[in-house]
Amino acid sequence: MADEFNQIRGTLSTNRQQLLKRLNVVATGIGYKQTDGTKTSTVCIVCSVKKKVKAEQLSAQDLVPTAVAGMPTDVVETGVIRAFQAPTGRFRPAPGGVSIGHVAITAGTLGCWVNKNGRKVILSNNHVLANSNDAEIGDAILQPGPFDGGSFPQDHLANLTQFVPISFEEEPSECSFANAVISIFNLGCKVINSNTRYRVAKVQAADNLVDAAIATPLNAADVQDEILNIGPLQGTAQGELGMAIKKSGRTTGFTTGEIQQIDVTADVQYGGGRIARFTDQLLAGAMSQGGDSGSAVLNDNNRLVGLLFAGSDTTTIINRIEHVFSALGVSL
Amino acid sequence: MRVIVWILALIIPLMALGDDLGMSPSIQEVKKQHEPRFFNLPNVVSVGIGLDPNGNQAIIVGLDRPNPETESKLPASVEGYPVVVKIVGAIKAQ
């Protein structure tokens with residue numbers, strides 16, 4: 001056996017160059033020959049090709065011979081072989097699942113590409129693309145995000161187009177007029193010896209359904225309409241209890257989970273002590289960390305079910321995609 | 001006109017009766033009704049619908065950290081639906 005391998009190694013090393021020159025051949029190696037999809041015991045030279053083409057369609061110099069110096073060969077289709085690139089790197093064109101961010105934030109995840117008025121736009125979170133409400137329409141969006149070395153203008157991929165404002169919990173009002181009016185009421189209460197006192201508050205925060213925003217690419221050629229390590233989306237679906245899900249994100253890459261709760265109301269902490277309440281969310285187990293926000297969440301059939309935006313050490317909170325699409329007026 | 005009044009006079013009490021006998025409310029309705037008082041308890045950060053350890057639909061109350069007082073104030077069930085406490089940790093935008 002060892003002799004057989006040594007012999008075939010020698011043959012491969014003298015013939016490697018001429019094999020790699022042939023059309024579509026992307027790799028050569030030694031393996032067991034496969035016949036009709038099953039492994040045989042014959043050791044052979046394996047030529048991996050981008051695409052299998054019928055022998056008649058190839059010229060003699062492109063056709064992989066059935067044997068090289070008496071050693072059998074096999075042709076296997078592997079597709080194009082790409083270097084694995086970390087999602088924190090720079091991608092052009094840019095797929096879903098990679099680092100992205102507004103110029104003023106650290107980094108989040110480019111969820112996926114969606115349609116807005118016939119144009120492909122980037123879908124991610126408000127807190128990734130619009131700095132948690134603190135942004136202007138037209139602000140620069142960098143890929144990779146600033147934390148991953150993205151800088152303006154070299155890594156300027158898109159401009160903020162639209163965001164759904166996040167409504168944070170009630171905080172004391174700073175309106176001086178309202179405060180003056182209230183002190184008069186309270187003075188009145190004192191005068192009539194009532195124990196009631198009034199307090200100024202901003203309008204009670206509305207419940208949120210989504211943390212979502214979109215950005216339009218500067219250049220249509222930068223759109224790669226698929227998700228890193230997953231592939232193209234196959235439509236949308238409604239998240240249900242017990243559904244198996246997956247995502248591809250900037251920090252933890254490809255991970256899987258299961259929808260453990262639906263109809264979830266949750267209080268989510270944002271920076272600076274701000275809290276926002278979200279309703280009708282999906283909840284899964286641990287499948288994300290900081291920087292994964294904005295990831296597209298898919299079911300087993302690669303249908304889009306949600307937009308990941310928050311979590312703890314043990315849970316992940318996901319917006320329902322139907323709410324995201326209706327709030328932003330976008331579609332697949 | 002008189003006929004309509006008579007019909008209404010018959011239907012409206014029947015509707016009220018239907019409500020009283022009514023199908024038991026859905027878990028979504030029960031959750032919605034009790035959620036505000038759950039959120040008023042310290043350390044409650046989430047309320048959702050999931051499964052209890054026996055695989056029955058349950059209202060899951062999430063706490064950012066253990067709080068025996070809050071846990072003792074939460075009922076074991078509401079209107080027939082089990083209430084399950086889970087320590088979920090602080091939920092942060094990621």
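As the structure is a prediction and not an experimental result, all values here were calculated from the model.
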(request) Report yes if some heavy atom in the side chain of A:D267 is under 4.5 Å from a heavy atom in the side chain of B:I91; otherwise report no. (result) no
(request) Determine the option with the most heavy-atom pairs under 4.5 angstrom with chain B, choosing from A:S293, A:G294, A:G242. (result) A:S293
(message) Measuring from atom NZ of B:K86 to atom CD of A:Q260, what distance do you get when rounded to the nearest 0.5 angstrom?
(response) 4.5 Å
(request) Check whether more than 12 heavy atoms from other residues, nucleotides or ligands sit under 6.0 Å from atom CZ of B:R37, and answer yes or no. (result) yes
(message) Using 0.5 Å steps for rounding, measure from the CD1 atom of A:I317 to the CD atom of B:Q94.
(response) 9.0 Å
(request) Give, as side chain, backbone, both or neither, the part of B:K32 having an atom under 4.5 angstrom from any heavy atom of chain A. (result) neither
(message) Check whether B:K31 reaches the backbone of A:D263 with its side chain - one donor and one acceptor, N or O, closer than 3.5 Å.
(response) yes
(message) Between A:I262 and chain B, with a heavy-atom cut-off of 4.5 Å, which part of the residue counts as in contact: side chain, backbone, both or neither?
(response) both
(request) First locate atom CD of A:Q261, then atom OG of B:S46, and finally report the distance between them rounded to the nearest 0.5 Å. (result) 5.5 Å
(message) Surrounding CG of A:D313 (heavy atoms of other residues, nucleotides or ligands, distance under 6.0 Å), is the total greater than 12?
(response) no
(message) Taking side chain as everything from C-beta outward and backbone as N, CA, C, O, which of these in A:L308 sits under 4.5 Å from a heavy atom of chain B? Side chain, backbone, both or neither.
(response) side chain
(request) For atom CZ of A:F147, decide whether the heavy atoms of other residues, nucleotides or ligands shown that lie under 6.0 angstrom number more than 12. (result) no
(request) Evaluate the side-chain proximity of A:Y270 to B:K92: yes if any heavy-atom separation is below 4.5 Å, no if none is. (result) no
(request) Measure the CD-OG1 distance between B:E35 and A:T265 for me, rounded to the nearest 0.5 Å. (result) 3.0 Å
(request) Just give me the residue among B:D64, B:I27, B:V47, B:I87 that pairs up with chain A most often, heavy atom to heavy atom, under 4.5 Å. (result) B:V47
(request) Heavy atoms only: give me the nearest B:A90-A:S312 pair and the separation to one decimal. (result) O-CB, 3.1 Å
